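First up is the structure itself, then whatever we jot down about it.
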Amino acid sequence: MPRITFKDLEYSYVDSNETYLALENINLTINDGEFLCLVGHSGCGKSTMLSLIAGLIKPTKGSVCIDDAPIEGPGPDRSIVFQNYSLFSWQKALKNVSFSILKTHPGVTKEQADERALDLLDRVGMKEAANRYPFQLSGGMRQRVAIARALAVEADTMLLDEPFGALDPAIRKKLQHLLLDLWNDQEKSCCKNAVFVTHDIDEALILADRIVFMEPRHIIRDFTLPKRDPGEPPEARVLLPEMIEMKAEILDLFEKTDTGSED
Amino acid sequence: MKPFEKRSDAVSSTKASADGTIAAKTTDARKPIKVDRRIFKPSFIVANVLFLLLIAAIIIPGKVTFNTYVPFIVACCIIEALFLFHYLKGGAHKPATCYIVTIVYVFLIIWEVCSTDLQLTHPVLIPIPENVFNVFPTKTAELWKNVSSSLTLFCEGFISAIVVGNVLGLIVGWLPKVRETIYPVARVLAPIPAIVFTPYLIFILPSFRLAAVFVIFLGIFWSTLMNTITRVESMDRRIVDSAKMLGLDTKTMLLEVLVPYMYPAIAKGLKLQLPAAMLIMVMSEMYGATSGMGYFIINYTNYANYTNVIAGIIMIGVVVTILDWLVGLLIKKTVRWSDQ
């Protein structure tokens, strides 16, 4: 059962001989079974947090641990969905998914992997597109395949870096619902917890169990959202009085932390 | 045709799904604008009238005597046949097809009329087309020997450079420390024209063949290496990161992610490097070879036999075109996907 902990974490990177501090004094525990949304302005370090959990980068100081073991590097116990263009363009949709299965499940035959991949594509509503290359798919379809590919790994933690950021509102909503359905379907759901990066407040309010608000380099607020009733449509919870209050507070934070440097 | 079929198939079912608007729109934009569907367009008629004029100009006796005009007519007929084939296969909707052939026919008519009928040109420096094209049937064995010698040389140098350049490029590009060492060195060495090594390499290497292969190798190797290193380095991080998350080892990463990712660029690179390699080869053959197309040309230039020289030049053109067409075919058959 994973529990991700950031302890006194600092991260800085070097770009053309200058050192930039991206994160400092980060202390955060992501509990088991939690859908956590990292919210903040672009450039505040949300994606950096995600890369640290993914193990794609290493902290400069402090540590990130999963179940008290420091993260050594990327591995199949975590899976990731990026904003766009991260599917393998030389593989058809089915192969994109089955490749992930084959590489993370030694001993699985090609036929078994294909069967499972088709099943996953079916779950994200992409069964018909199994034999198409990514360039033949629209942005929304690609992200559906990317989610299927991330599920294929059967990782405990799913990391999502603004996965719906490039999509138009209607498709975005559809995919949010899809993601929630997958998440709520605990029996079939592969991941135990999810970290979702977004700068869209409404998206965070619909999806999250917990919202962590970041200003550049720091975490400044931590909100716990009321429990979701699986029987109700996801939008129902957003209308609760405490949620409306929370939204106002987050909007306020957005305004306060606006440095005016964003595009 | 296959990719197109797939695309339209993709779109028809895309329309059914709710988030297919983007793909559907792109295809609408792809719908051809109204085209002239007549088979025989004015430009086609002009080109064919010129063809008949050319044949007439060849057959009508001029002031210069020569052996036979049959090979020249055969060559013209081959051009016409290729044109008709291309035109009827779909080139009909590309007006450029007719324009290109028109230019070729006009050029041949001017050459023919000026050299044989009007005798306006210098008889030695500008040989008559009948004699030039007669070289092909009379010197077939000699030409073939030189072409095959050149092609072997070419394949050895070109293929080895492409293979070594890409394999090293992938490895060097993937390992940051190696890349930081090799890349600056490559940047210094790559711009030196390979051809300048030829005389020296002929001295130090045991045979001319080896020297020529090595020169072609050098000419192609550096640019291939540099291109591949840059492409690997500038590869989309999200693709690399997605692959890394699967916990792949370096071998799988190189063979199953980098190679397929790079393949279209590598294949398209072949088309660009082919003419460069051909140039280096012909030039190196002009130095010290005893066979090859470059040798054929330089040898007859020394004897002032310009009829053979021009035939040799035409031969090189034909060979390069065929090679280019083959590479194009390889790309069309093997590159099935494009970048997103």
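Computed over heavy atoms, backbone and side chain alike; hydrogens, waters and symmetry mates excluded. In this text, all values refer to a predicted model and were calculated from it rather than measured experimentally. Letters A, B, ... are given to chains in the order of the sequence lines, protein chains preceding strands, and every chain is numbered from 1.
Heavy-atom proximity under 4.5 angstrom to chain A picks out nothing from residues 215-225 of chain B. Within residues 47-59 of chain A, the residues having any heavy atom under 4.5 Å from a heavy atom of chain B are, by residue number, A:A54, A:L56. Interface residues of residues 240-259 of chain B toward chain A, defined by a heavy-atom distance below 4.5 Å and sorted by number: B:D241, B:S242, B:A243, B:K244, B:M245, B:L246, B:G247, B:L248, B:T252, B:E256, B:V257.
The number of heavy atoms from other shown groups lying within 6.0 Å of OH (A:Y20) is above 12. Within a 6.0 Å sphere centred on NZ of A:K127, other residues, nucleotides and ligands contribute 12 heavy atoms or fewer.
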- Show your working on salt bridge (Lys or Arg N to Asp or Glu O under 4.0 Å) between A:D200 and A:R172 and close with a plain yes or no. CA-CA 11 Å; A:D200 181 339; A:R172 184 185 266 242; 2.6 Å; yes

- Task: List the steps, then state whether ring-ring contact (aromatic ring centres under 6.0 Å, His included) holds for A:W183 with A:F35.
- Result: CA-CA 9 Å; A:W183 175 255; A:F35 196 120; 5.2 Å; yes

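Identified under the side chain to side chain donor-acceptor pair (under 3.5 Å) test for residues 162-190 of chain B, with sequence neighbours left out: B:N166-B:T228.
With chain B as the partner, the residue from A:S79, A:A146, A:P76 showing the most heavy-atom pairs under 4.5 Å is A:P76.
A:E154 pairs in a salt bridge (charged side-chain N to carboxylate O under 4.0 Å, His left out) with only one of the listed residues (A:R149, A:K192, A:R116), which is A:R116.
Ionic pairing of B:K271 and B:D324 is present here: one or more N-O contacts between side-chain nitrogen and carboxylate oxygen are shorter than 4.0 angstrom.
The line from OG of A:S98 to NE2 of A:H105 is 12.5 Å long, rounded to the nearest 0.5 Å.
In this structure, A:F88 and A:F99 have perpendicular ring planes: the angle between them is above 60°, well past the 30° mark.
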